[in-house]
K.L.:
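One structure coming up, written as structure tokens, with questions to follow.
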2 protein chains.
Amino acid sequence: MSDRSRPTLATVAARAAVAPSTASLVFAGSDRVAPATRDRVLAAAADLGYAGPDPVARSLRSRRSGVVGAVIGDRLAHAFSDPVSVQLLDGVTEVLSPLGVGLLLLPGDADRHGPTLAQLAHVPLDAVVYATCGLEDDPALVHLQRRGVPVVAVDGPCVDDVVFVGIPDRRGTAELAGHLADLGHRRVAVVTLPLRLDGTRGLVGAARRAGTHHRTVRERTLGVEDTFGPVPAWETAANAVEEGERAGRQLLDVPAGGRPTAVVAQSDVLAAGVLRAADSLGLRVPEDVSVAGFDGAELPWLPPVRLTTVVQPTTEKGRVVGRAVTDLVAGRRPDDVVLDVHLSVGTTTGPPPPS
Amino acid sequence: MSDRSRPTLATVAARAAVAPSTASLVFAGSDRVAPATRDRVLAAAADLGYAGPDPVARSLRSRRSGVVGAVIGDRLAHAFSDPVSVQLLDGVTEVLSPLGVGLLLLPGDADRHGPTLAQLAHVPLDAVVYATCGLEDDPALVHLQRRGVPVVAVDGPCVDDVVFVGIPDRRGTAELAGHLADLGHRRVAVVTLPLRLDGTRGLVGAARRAGTHHRTVRERTLGVEDTFGPVPAWETAANAVEEGERAGRQLLDVPAGGRPTAVVAQSDVLAAGVLRAADSLGLRVPEDVSVAGFDGAELPWLPPVRLTTVVQPTTEKGRVVGRAVTDLVAGRRPDDVVLDVHLSVGTTTGPPPPS
DNA sequence: GACGGTAGTCGAATCGATTCGATAAGGTGA
DNA sequence: TCACCTTATCGAATCGATTCGACTACCGTC
């Protein structure tokens, strides 16, 4: 009998001998209801084990579901092995949770780099955040815009009617490159994040470079080239320690004469991998090779070294996203936001070895 | 005019000169519609930029929202620094995503160890997974049961009408303890996960041990005591590398005579911290002290050591949870599941130092 | 004592779809 | 030619709440 038919607002109203509309007012917390009436309704609700208005029915009228989607461009286990993604979402929920809004994970899988249309189509969404991915030609994005779901993109894609929240990636790496140049480095190599999530690994050629790909990767590469001109860029297949190590081994396992004296990784996680590669090749950091990262991520397992990196305010970025979402849901159109970054010099960069 | 009023099924039906019910049939993919009619409806939808039936309205009738909540007993940044949580949810989404069901994050914050009632009350949920927490006396749990939302609990809480998915924690650590005993260890200490998320740290006294707390902690401690009898247990405030290091330093920074010859951490992340502590104290592992963990987590940054640990099938556990959720939503009541674990002996345990 | 005002409650329309029984059109067999 | 069956479409009720205009007392005021 219990889950046979759960009580509805109408049931409660009937038991309290009031109209459904009055009962509704009670649960909405209106002050236009007489205290005696309110108590009667609440008592009836308690008697019947009524847990409050059905969220779905409420959403139908109010045009709000309290659900915000987070598009993750990979399977969770991969995306969340990067503390940056996690911190970002942490900032988002910090703002959204108190408003009674939850974050719905929309991960991709091994093949697709985002949710399927079938997934998106069936879920009630007030807004969507592109959290860790974002190519301009995403079919899911088109679907969302057609449905009128507002979108916030973190670091891309840059599209009309999508609120952008990002950082000056290019200026950040440019600053880092300046630091390396000042130290005397001339032979620098870059370890890039995936240009597309298609499993490609290796030196980035002109053709691949020309294709559609992440704004982030492009900008962070350009920042280095602003100082050093064209540099070899080794693409990884994922933002993961192992991938960084693999790339590092490729770049560093060569005679000292042709070896880069500094490696700029496009994330701290990749940089951690490069450090491991250097270690396993018997190269000292920074005496034999300098290593730098990007993000300023908290990697509690990384010490004793302190990574030279470009620090971005990741959690704050998440909060900004959260506020942008709040605005959009309220019908306001927030401005794009570009947060600031700064160079943090650690113990992993130093003068190049004498040649 | 565009977001003025988005087209509805009725609009589309009118334009295609059919009844709304027929148009509905088209979008439901029914084969009882004449192909010509179907094409007309689809054409009308395309003309109007109609993106398919509104998920909220659909949910109202079908009593399904396509949203499953994941209760996280901490803020995301903390909970997801543990690869085990992430892998678990990865397994869950792996099963749920293809069914068009999404996972809604319901994190706690610094103070509360789960979502507020306000958060829960406003969100449409088909089911809820207690992913990384679970005390029996959780008010959120009561609310959910009253609302008739089915609940799956991972490793607890154990309550009526909640499907339980877990592992034989006690047998796992017992096996590990056996291994240590076989090596000759007699003085063993345990580094426990938080008994409650209240920031407490330090040696677990009788009083605290008697209070309500995590099943997991209790079982994993008992497993060790099955072999060694009462052992000192040092509680951490969070499942994090830094916490493990802190605990490790407390336990190991004593003269060799009183120092435990083996430390059993209740998670691999904590064990990693203990390893760091040993390292910074100049203790060799396993020559001076053996260290073991629990989970069999992938910590790509951990090598060159291979941690001795109790391996649980985390991703598979997530899949099992996903299937349990599927069953519950379909109205079936799945059985509780206890998955298997096995000992994996690595390079961090060995005979105790000669005394 | 008639009138304006207010506090509290109620009715009915609405949100956007789904679903099932009814119905009309068209086809078959005796 | 008529009864019967199938196929495609339609109508209307339903899911569970919200919301706003309308209505009823009841009070105070001139």
Side-chain angles (χ1 to χ4, degrees), chain A residues 3-42 44-45 48-66 121-126 147-149, chain B residues 3-42 44-45 48-66 121-126 147-149:
Chain A
D3 60 336
R4 171 95 293 202
S5 71
R6 221 153 272 287
T8 72
L9 188 58
T11 324
V12 173
R15 181 171 241 262
V18 298
S21 48
T22 304
S24 173
L25 256 6
V26 170
F27 287 103
S30 165
D31 54 351
R32 300 177 43 85
V33 188
T37 313
R38 204 198 48 196
D39 294 346
R40 220 167 59 242
V41 171
L42 260 22
L48 295 168
Y50 178 73
D54 181 326
V56 175
R58 173 215 291 286
S59 303
L60 183 57
R61 280 242 52 166
S62 63
R63 316 292 303 135
R64 291 271 168 83
S65 65
H122 293 330
V123 171
L125 294 172
D126 289 345
R147 245 177 69 186
V149 177
Chain B
D3 60 336
R4 174 93 291 204
S5 68
R6 223 152 271 287
T8 72
L9 188 58
T11 323
V12 173
R15 181 171 241 263
V18 297
S21 48
T22 304
S24 175
L25 255 6
V26 171
F27 287 102
S30 164
D31 55 350
R32 302 178 40 86
V33 187
T37 313
R38 205 197 50 197
D39 293 346
R40 220 166 60 243
V41 172
L42 259 22
L48 294 168
Y50 179 73
D54 181 325
V56 175
R58 173 214 293 285
S59 303
L60 183 58
R61 279 243 51 162
S62 61
R63 314 295 303 137
R64 292 270 168 84
S65 64
H122 293 330
V123 171
L125 295 172
D126 289 345
R147 246 177 69 186
V149 177

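This structure is a prediction, so every number in the text was calculated from the model and none was measured. Lettering follows sequence order; numbering is per chain, from 1.
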K.L.:
Where the side chain of A/Arg40 meets the backbone of A/Ala16, is there a donor-acceptor pair that is under 3.5 Å apart?
P.N.:
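Confirmed, A/Arg40 side chain pairs with A/Ala16 backbone.
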K.L.:
Calculate the interatomic distance between A/Leu48 atom CG and D/dG16 atom P; express it in whole Å.
P.N.:
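It works out to 14 Å between those atoms.
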K.L.:
Round to the nearest Å and state the distance from B/Leu25 atom CG to C/dG16 atom C1'.
P.N.:
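Taking CG of B/Leu25 and C1' of C/dG16, I get 16 Å after rounding.
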K.L.:
Write down the atom of A/Pro53, the atom of A/Phe27, and the distance for their closest heavy-atom approach.
P.N.:
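Result for this residue pair: CG-CB, 3.8 Å.
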K.L.:
Output the rounded distance in Å from NE2 (B/His122) to C1' (D/dT18).
P.N.:
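It is 14 Å, rounded to the nearest whole Å.
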K.L.:
Give every pair of a protein N or O atom and an N or O atom of nucleotides 6-8 of chain D that lie under 3.5 Å apart, one pair per line with the distance.
P.N.:
none

K.L.:
What's the angle between the local helix axes at either end of the helix from C/dG1-D/dC30 to C/dA30-D/dT1, using five pairs per end and rounding to 10 degrees?
P.N.:
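Terminal axis comparison yields 50°.
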K.L.:
Using the side chain to side chain contact (heavy atoms under 4.5 Å, CB included) definition, which of the options B/Leu42, B/Val26, B/Leu25, B/Thr22 pairs with B/Thr37?
P.N.:
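Passing option: B/Thr22.
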K.L.:
Once you round it to whole Å, what is the distance between C1' of C/dT19 and CZ of B/Phe27?
P.N.:
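Rounded to whole Å, this separation is 17 Å.
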K.L.:
Over all strands shown, is A/Thr8 touching base, sugar-phosphate only, or nothing at heavy-atom distances under 4.0 angstrom?
P.N.:
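Counting heavy atoms under 4.0 Å across all strands, the contact made by A/Thr8 is with sugar-phosphate only.
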K.L.:
Starting at CZ of A/Arg6, measure out to CG of A/Leu48 and round the result to the nearest 0.5 Å.
P.N.:
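That separation rounds to 12.0 Å.
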K.L.:
Could you run down the sub-3.5 Å N/O contacts of the protein with nucleotides 11-15 of chain D?
P.N.:
| residue | atom | partner | partner atom | Å |
| --- | --- | --- | --- | --- |
| D/dG11 | N7 | B/Ser21 | OG | 3.3 |
| D/dG11 | O6 | B/Ser21 | OG | 3.2 |
| D/dT14 | O2 | B/Arg61 | NH1 | 2.7 |

K.L.:
Write down the distance between CZ (B/Arg58) and C1' (D/dG16), rounded to a whole number of angstrom.
P.N.:
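My rounded result for the distance is 18 Å.
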K.L.:
Looking only at the side chains, is there a donor atom on one of A/Ser21 and A/Ser24 sitting less than 3.5 Å from an acceptor on the other?
P.N.:
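There is no such pair (donor and acceptor under 3.5 Å, judged by atom type) between the side chains of A/Ser21 and A/Ser24.
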K.L.:
Select base, sugar-phosphate, or nothing to describe what A/Ala36 touches, counting heavy atoms under 4.0 Å on all strands.
P.N.:
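The residue A/Ala36 makes no contact with any strand.
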K.L.:
Please classify the nucleic acid contact of A/Val18 as base, sugar-phosphate, or nothing, using heavy-atom distances under 4.0 Å.
P.N.:
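The residue A/Val18 makes sugar-phosphate contact but no base contact.
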K.L.:
Can you tell me if B/Tyr50 touches the phosphate of C/dA17, counting only side-chain N or O atoms and a distance under 4.0 Å to OP1 or OP2?
P.N.:
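Looking at the OP1 and OP2 atoms of C/dA17, one of them is under 4.0 Å from a side-chain N or O of B/Tyr50.
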K.L.:
Does B/Ser24 make a side-chain N or O approach to OP1 or OP2 of C/dT18 shorter than 4.0 Å?
P.N.:
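The answer is yes; a side-chain N or O of B/Ser24 sits under 4.0 Å from OP1 or OP2.
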